[in-house]
Amino acid sequence: MSTVQLRRPPSGVEIPEVPRGKRQFRPRLRAAAVRYGPVLLTYGVLKLAGFAVFMYLLDSTGDFREKNPRFGGGEHAWDVLASWDGWWYQQIAAHGYDPALKPVPGATGLITLEGNSAAFFPLYPALMRLVSECTGLGLYGAGMTVSVVASFAAALGIHAVARRLGGHRAGLVAAGLWAVWPGSGTEWSGYSESLYTALAAWACHAVMSRRWLTAGLLTCAAGLCRPTAVALVAALAVAAAAALLRRGDDPSHPGGSRPSVRRLLAAVAIAPLGLFGYLAWVNWRMGDINGYSKLQDGAWAHKFDWGVHTFNVLTSIPVGDFDYLFAMPFEDVIGVCVVLMVPVLTVLLLRLRPAAVLVVYTVLSYLMVMTTQQYFGNVSRYLLPLFPLFVPLALAMRRLRWPSLAAVLGTAALASGSYAGYVLFQLGVP
């Protein structure tokens, strides 16, 4: 038997040691690339395909140069991505807030108040301003950077949630569906949807992982992003209450460990601070305890109406009647399809017996949209953050072979570029 002689280094020669942190960092980086790389690649490729269609259609019309930059115009085709709500976010990032209830002089009819930046929540413009100051980018570039990065973070969060319910392949499909949903045009634009969805997805994942303080902080941040975060706040509270009721009886806790009551209560207490803190500040500055709601109603005709407007749309479109508030025929037809698809997907989601946080978040978010008077053509955008609905679709589609799956998602990506991008931004009001 031969033996191998190990030679010692000559005396006085030192062998450089690889720092311990570096030895640990490289394997972790490799593992992260293997785990998350396919998710980022899937989302990025599908999104780029749809985005290319959107920009081609936009540039081929050429009429964007004739429009006011606030309403979809500008020197360059891509300026439309920062119009409408994006214009307001840039104003906030540049000048801050000045909450007020100002009547429009001589105005009659439904809209009687001047539009005010206080209707738009502060987290997205704050990050826009921060990125602009740190990178030297203008507010447009900074806003796009925040949205694009947040959209990839949302894809990872959606993958993480779907992976817990259906495995890695289902997570990949769910991330792909996030890229092609009918309202996905705002994911890469000056809008807050991507940021809010990222926070909501990771907050739900934190609840499912029983990291309660993390979930509370993420929900608090989401409350500084969009008013619909009240659904996420309620979902966390329900999940925390359920966890308290079954303390010590949950077999998924190794060794019978119990969730900390202090952490649960702290999460529930922290979660609503962002949302209600901002609303309280706006109402205080306006000198009206219901100032924010009055502004939404008087300036944008957005108000809680128990679903009357939604019912009017759903019963008018099938008979070809478009004599209702804010009618936009093509966009509204797509919106009706999305609205009717949500209950079906919700039933399929319930059959999977998911975590309570996903069910409560989805149902309440849907009900908030349905019971609010607003531009119905935008409903696909308002429902974009309902990422749990992607899970039952992802579980069904994961059975497809890769070529078939690529064909389905690729076709949906091209369709989303024309509808979710061009139609909403150029023909409708996003």
Side-chain angles (χ1 to χ4, degrees), residues 27-57 148-188 193-194 197-198 201-202 204-205 208 334 337-338 341-342 344-349 351-355 358 362 380 383-422:
R28 290 180 180 178
L29 182 62
R30 254 192 314 269
V34 170
R35 183 172 184 177
Y36 301 118
V39 182
L40 300 177
L41 183 63
T42 298
Y43 173 77
V45 169
L46 291 172
K47 195 64 193 169
L48 281 172
F51 193 74
V53 172
F54 167 40
M55 295 306 295
Y56 172 78
L57 293 173
V148 172
V149 172
S151 72
F152 279 97
L156 290 173
I158 293 168
H159 169 268
V161 171
R163 188 173 185 268
R164 293 181 67 97
L165 297 174
H168 175 67
R169 189 179 176 109
L172 279 178
V173 178
L177 291 171
W178 156 247
V180 303
W181 185 258
S184 60
T186 55
E187 291 172 15
W188 287 7
E193 268 74 16
S194 289
T197 305
W202 283 110
C204 290
H205 184 266
M208 296 168 70
I334 300 295
C337 294
V338 175
M341 182 172 59
V342 170
V344 177
L345 294 178
T346 302
V347 171
L348 296 177
L349 176 67
R351 292 187 62 187
L352 300 175
R353 298 182 180 273
L358 298 180
T362 302
S380 59
L383 297 175
L384 180 61
L386 272 66
F387 66 91
L389 297 178
F390 304 155
V391 176
L393 280 177
L395 264 63
M397 293 173 63
R398 68 177 176 177
R399 300 188 181 94
L400 297 175
R401 296 182 181 274
W402 285 115
S404 301
L405 193 57
V408 172
L409 290 177
T411 303
L414 299 179
S416 73
S418 61
Y419 172 73
Y422 180 74

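No hydrogens, no waters, no symmetry mates; every other heavy atom, side chains included, goes into these values. The first residue of the sequence shown is numbered 1, and numbering continues consecutively from there.
- One finds the CG atom of L40 at 4.5 Å from the CG atom of L156 (value rounded to the nearest 0.5 Å).
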*Test side chain to side chain contact (heavy atoms under 4.5 Å, CB included) applied to L348 and L352, step by step*: CA-CA 7 Å; L348 296 177; L352 300 175; over 6 Å; no
Atom pairs and distances, donor-acceptor, side-chain atoms in residues 393-418, under 3.5 Å, two or more places apart:
| residue | atom | partner | partner atom | Å |
| --- | --- | --- | --- | --- |
| R398 | NE | L395 | O | 3.4 |
| R398 | NH1 | G166 | O | 2.4 |
| T411 | OG1 | A407 | O | 2.7 |
| S416 | OG | A413 | O | 2.7 |
| S418 | OG | A415 | O | 2.8 |

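- Contact detail for P392 and L345: the closest heavy-atom pair is CG-O, 3.7 Å.
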*Check step by step if side chain to side chain contact (heavy atoms under 4.5 Å, CB included) holds for R164 and H205.*
CA-CA 9 Å; R164 293 181 67 97; H205 184 266; 3.7 Å; yes
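- The two residues L46 and G176 make their nearest non-hydrogen contact at CD1-CA, 3.5 Å.
- With Y43 as the partner, the ring-ring contact (aromatic ring centres under 6.0 Å, His included) test is satisfied by one option alone out of F390, F152, Y36, W181: F152.
- Side-chain contact between H168 and H159 is present, with heavy atoms from C-beta onward closer than 4.5 Å.
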*Could you walk me through whether L358 and M208 pass the side chain to side chain contact (heavy atoms under 4.5 Å, CB included) check?*
CA-CA 9 Å; L358 298 180; M208 296 168 70; 4.0 Å; yes
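- Counting all heavy atoms, side chain and backbone alike, A201 lies closest to V161 at O-CG2, 3.7 Å.
- Atoms CG and OG1, from L386 and T346 in turn, are 7.5 Å apart once rounded to the nearest 0.5 Å.
- Of all non-hydrogen atoms in V338 and P182, the two that sit nearest each other are CG2-CG, 3.8 Å.
- Taking all atoms of both residues into account, the shortest heavy-atom contact from L349 to P388 is CD1-O, 3.6 Å.
- Each salt bridge (Lys or Arg N to Asp or Glu O under 4.0 Å) pair with one or both residues in residues 43-55, not counting sequence neighbours, appears once here: K47-E187.
- The two atoms that bring A162 and A174 nearest to each other are CB-CB, 3.7 Å, heavy atoms only.
- Taking the six-membered ring for Trp and the full ring otherwise, the centers of W178 and F387 sit at least 6.0 Å from each other.
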